[in-house]
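Worksheet: one structure, shown below.
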Amino acid sequence: MKQRIYIGVAWPYANSPLHLGHIAGAYLPADIFARFMRMQGHDVLMASGSDMHGTPITLRADKEGVLPSVIAERYHEDFVRAFAGLGISFDIFTKTTTENHTQVAQKIFLDLYEKGYIYKDRVLQPYCATCRRFLPDRYVEGTCPHCNDKGARGDQCDNCGKPLNSQELKDLRCTICGLTPAFTESEHFFLKLSAFNQELIGWIDDKTYFRSNVYAFTKKYLEMGLKDRAITRDIAWGIPVPLPGYEEKRLYVWFEAVIGYLSASMQWAKEKGDEKAWQPYWQDINTRSYYFIGKDNIPFHTIIWPAMLMGKGNLILPYNVPANEYLTIEGRKLSSSRNWAVWAPDYLLHYQPDPLRYLLSINMPESSDTDFSWREFVRRNNDELVATYGNLVQRTLTFIYKKFNGTVPSSGQLNAESLELIADAQVSMSKVADAIACCSFREGIREAMALAAKANRYLEATSPWKLIKEEEEAAASALYTALAVLNALKIIFYPFLPHSSQKLHEFLGGSGLIEEQSWSLEMPVSSAPLREPSVLFTKLDESIIDEEIKRMG
RNA sequence: CGCGGGGUGGAGCAGUGGUAGCUCGUCGGGCUCAUAACCCGAAGGCCAGGGGUUCGAAUCCUCUCCCCGCUACCA
């Protein structure tokens, strides 16, 4: 049955390049899922874009003396290049500064406002006279009224975990200049999250198939009770509030950026020349929407965005939010400011995308934080990708190429071992499919690699290089069987390693894009031509470990 | 009593009630089609520790210890 699937992927903040954390956290799992679903014949729309607004971008622009848009555009283009290099197959990757997004965001704002889900309220807001600006919550520090910890921020106290607002803090100070701000009244718009509390509890209740951390976190959050949140700010960079008298205010990023999931779909439809094409992805209740994000984004995708969708009405709620945990680098938390990170553009200058995709897939932070180390990268590449999978392909194809004229050997009468291996390949195909379908990517790629290892064992046991001297037909039959397994491998590795699967597809005589193949085992056709193979993956020298580590930090 | 994640052979990890597994590394052997790749065998773990539940626990409960996040950039 053909399923329609919408895949939303976290919108990267356009203020620094993409790093491995982004890729392992959201983009790679989303891409694996999308490629798999497309190959299964499902109808997929995968969308994302750059989050161009927000304070960090403004701060950086101030520092460099340029407009915020300059910074945002620079990184947006950088993202587009990195995604292309890594093979992240978005159907659309746009940005929040488009006319389209601005209009959609403003329209939703107005709609929720008219329905009473957004209301005005006057708030006392800390204003720093020295810095001449209103201070967002996290720019205010003080003493927690609950536990007396001195490092509490305007939004919450990290010591006791209690949510706060700036007015509750004692000994208030501005984190920029350290002086005491004064409270000034300002009018803001609030999203009435409290109105959706019950409905959200009902919605999350049957989402037991969610990853346990996502489910538990959301449930607890909802049971503690939702508080309405301000969704406008007194800043200049962002989407204007579309009401007269509020020209100086902007929509706050977390309200506006999530709307990008919807506006990007509309943009995709427009570019496709069918303005209504987005509707089935958002309005058909049989469509399943998935949101791939990092764990810090959970509340925005399981609470705020669903609440907004409920308020807007006639839009489907998330079907699943497979949030990943974090990736550490060489055992330490990554930090862009300390350059303790591996940058995607930088990686792509030196290495192929598939080895990285392999490591991040097989060691994906699905259920707990995992570590990326260059030693592990080299090891996985050399000992697993090259030695197990790559070498299987190489030994099979070069042998056939030399001894069978570069054509598929005749299958002859397949013996019991051969039939068993082919059956195993079929089982692997469905196991990998099941694993990916429930977002267990690690399990999926492990199974794929296990099949490659099994094929190596089969070759060892049948030893066609010996058979060919006495019983050429038996050798042909064994190699035919190995080719059948390669046909399975190119498919089941495809979602994870699209570049090498495409290459293998071509070695095996296939034409066109492997993506157009279906998720099924195609038996080779005897005497069909193969193409001259070259290596699928290359070994990496151990010396890169120290070099790469030296370049960080 | 702040919250959360985690502690499984040398390394990285899987395993959530029923004889402790995977990949790599190490040692020994085989093979020679293949990117010194492949295959077989072996050594190596009282599953952080104490207590409890159970016929039976790495797996459930409880306590203790240790590590990592929860602070700016940041999935």
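Numbers restart at 1 for each chain; the letters A, B, ... are given by sequence-line order, proteins then strands.
- Protein atom CZ of A/F372 is 16 Å distant from nucleotide atom C1' of B/A11, rounded to whole Å.
- Ring orientation note: the planes of A/Y290 and A/F292 are close to parallel, at an angle under 30° on the 30°/60° scale.
- A side chain to side chain contact (heavy atoms under 4.5 Å, CB included) with A/I57 is found for one member of A/I71, A/V70, A/D51, A/D62 and no other, namely A/I71.
- Judged as a side chain to side chain donor-acceptor pair (under 3.5 Å), the pairs with a partner in residues 427-437 of chain A (not counting sequence neighbours) are, in order, A/S428-A/E447.
- The CG atom of A/D371 sits 20 Å away from the P atom of B/C24 (whole-angstrom rounding).
- Salt bridge annotation for A/K95-A/E73: present, with a cationic side-chain nitrogen under 4.0 angstrom from a carboxylate oxygen.
- The same atom, P, is picked in B/G9 and in B/G4; the two are 26 Å apart, to the nearest Å.
- Among the heavy atoms of the strands, none lies under 4.0 Å from A/E443.
- Residues from residues 63-88 of chain A that place a heavy atom under 4.0 Å from any atom of RNA chain B: there are none.
- Under the 30°/60° scheme for interplanar angles, the aromatic rings of A/Y261 and A/W305 are found to be tilted.
- Of the residues A/I445, A/T370, A/L327, the one that meets the side chain to side chain contact (heavy atoms under 4.5 Å, CB included) test with A/N363 is A/T370.
- B/C22 and B/G44: their C1' atoms are spaced 15 Å apart (whole Å).
- Across all strands shown, B/U53 has no partner, as no Watson-Crick or G-U wobble contact with both distances under 3.5 Å is found.
- Contacts classified as side chain to side chain donor-acceptor pair (under 3.5 Å) and involving residues 385-404 of chain A (residues at least two apart or in different chains) are given here: A/R395-A/N456.
- Ring geometry for A/Y347 against A/Y351 counts as tilted: the plane angle lies between 30° and 60°, on a 0 to 90° scale.
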Margin query: Base contacts versus sugar-phosphate-only contacts with protein, heavy atoms under 4.0 Å: please encode nucleotides 33-43 of chain B as B, S and - from 5' to 3'.
Written below: BBB-SBSS---
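- Considering all non-hydrogen atoms of both residues, A/L459 and A/P464 come closest at O-CD, 3.6 Å.
- Ring orientation note: the planes of A/F93 and A/H76 are close to parallel, at an angle under 30° on the 30°/60° scale.
- The separation of B/C39 from B/A20, taken at their P atoms, amounts to 26 Å, rounded to a whole angstrom.
- Within a 6.0 Å radius of CD in A/E64, more than 12 heavy atoms belonging to other residues, nucleotides or ligands are found.
- Taking the P atom of each, B/C74 and B/A57 are spaced 49 Å apart, rounded to whole Å.
- Taking the P atom of each, B/U19 and B/G56 are spaced 15 Å apart, rounded to whole Å.
- Atom pair A/Y389:OH and B/U23:P shows a separation of 19 Å (rounding to whole Å applied).
- The same atom, P, is picked in B/A43 and in B/C55; the two are 35 Å apart, to the nearest Å.
- OP1 and OP2 of B/G12 both lie 4.0 Å or more from every side-chain N or O belonging to A/N363.
- For RNA chain B, no neighbouring residue in residues 475-484 of chain A is found when judged by any heavy atom under 4.0 Å.
- For A/D369 and A/K295, the salt-bridge test passes: some basic side-chain N is under 4.0 Å from an acidic carboxylate O.
- We find that CD of A/E447 is positioned 21 Å from P of B/C13, with the value rounded to whole Å.
- Salt bridge A/E548/A/R551: present, at least one basic N to carboxylate O contact under 4.0 Å.
- Taking 4.0 Å as the cut-off between side-chain N and carboxylate O, A/R74 and A/D78 do not count as a salt-bridged pair.
- Residue-level contact check: A/L327 touches the bases, meaning some heavy atom is under 4.0 Å from a base atom.
- If you check B/C65 for Watson-Crick or wobble pairing at under 3.5 angstrom, you find it paired to B/G7.
- Under the Watson-Crick or G-U wobble criterion, with both distances below 3.5 Å, B/C38 is paired with B/G30.
- Pairing for B/A75 is absent, judged as Watson-Crick or G-U wobble with the two contacts each under 3.5 Å.
- Remark: A/E376 engages A/R379 in a salt bridge, criterion side-chain N to carboxylate O under 4.0 Å.
- B/C73 and B/C65 have their C1' atoms separated by 34 Å, given to the nearest Å.
- Note that the CZ atom of A/R380 and the CG atom of A/L540 stand 14.5 Å from one another [nearest 0.5 Å].
- Between A/R332 atom CZ and B/C70 atom P there is a gap of 13 Å when expressed in whole angstrom units.
- For B/C47, there is no paired nucleotide, since no Watson-Crick or G-U wobble pair has both relevant distances below 3.5 Å.
- Of all nucleotides present, only B/G2 satisfies the Watson-Crick or G-U wobble test against B/C70, with each distance under 3.5 Å.
- The CZ atom of A/R375 sits 16 Å away from the C1' atom of B/U23 (whole-angstrom rounding).
- Residue contacts shown for A/R446 are limited to sugar-phosphate atoms, with no base heavy atom under 4.0 Å away.
- B/G45 and B/C13: their C1' atoms are spaced 15 Å apart (whole Å).
- Atom P of nucleotide B/A75 and atom CZ of A/F93 are separated by 12 Å, given to the nearest angstrom.
- Residue contacts shown for A/L334 include a base, since a base heavy atom lies under 4.0 Å away.
- Nucleotides of RNA chain B nearest to A/R442 and A/R379 differ in position, and the one nearer the 5' end is that of A/R442.
- Distance CG (A/N297) to C1' (B/A75): 7 Å, rounded to an integer number of Å.
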Taking N or O atoms only and anything under 3.5 Å, show me the protein contacts with nucleotides 66-69 of chain B, one pair per line.
none

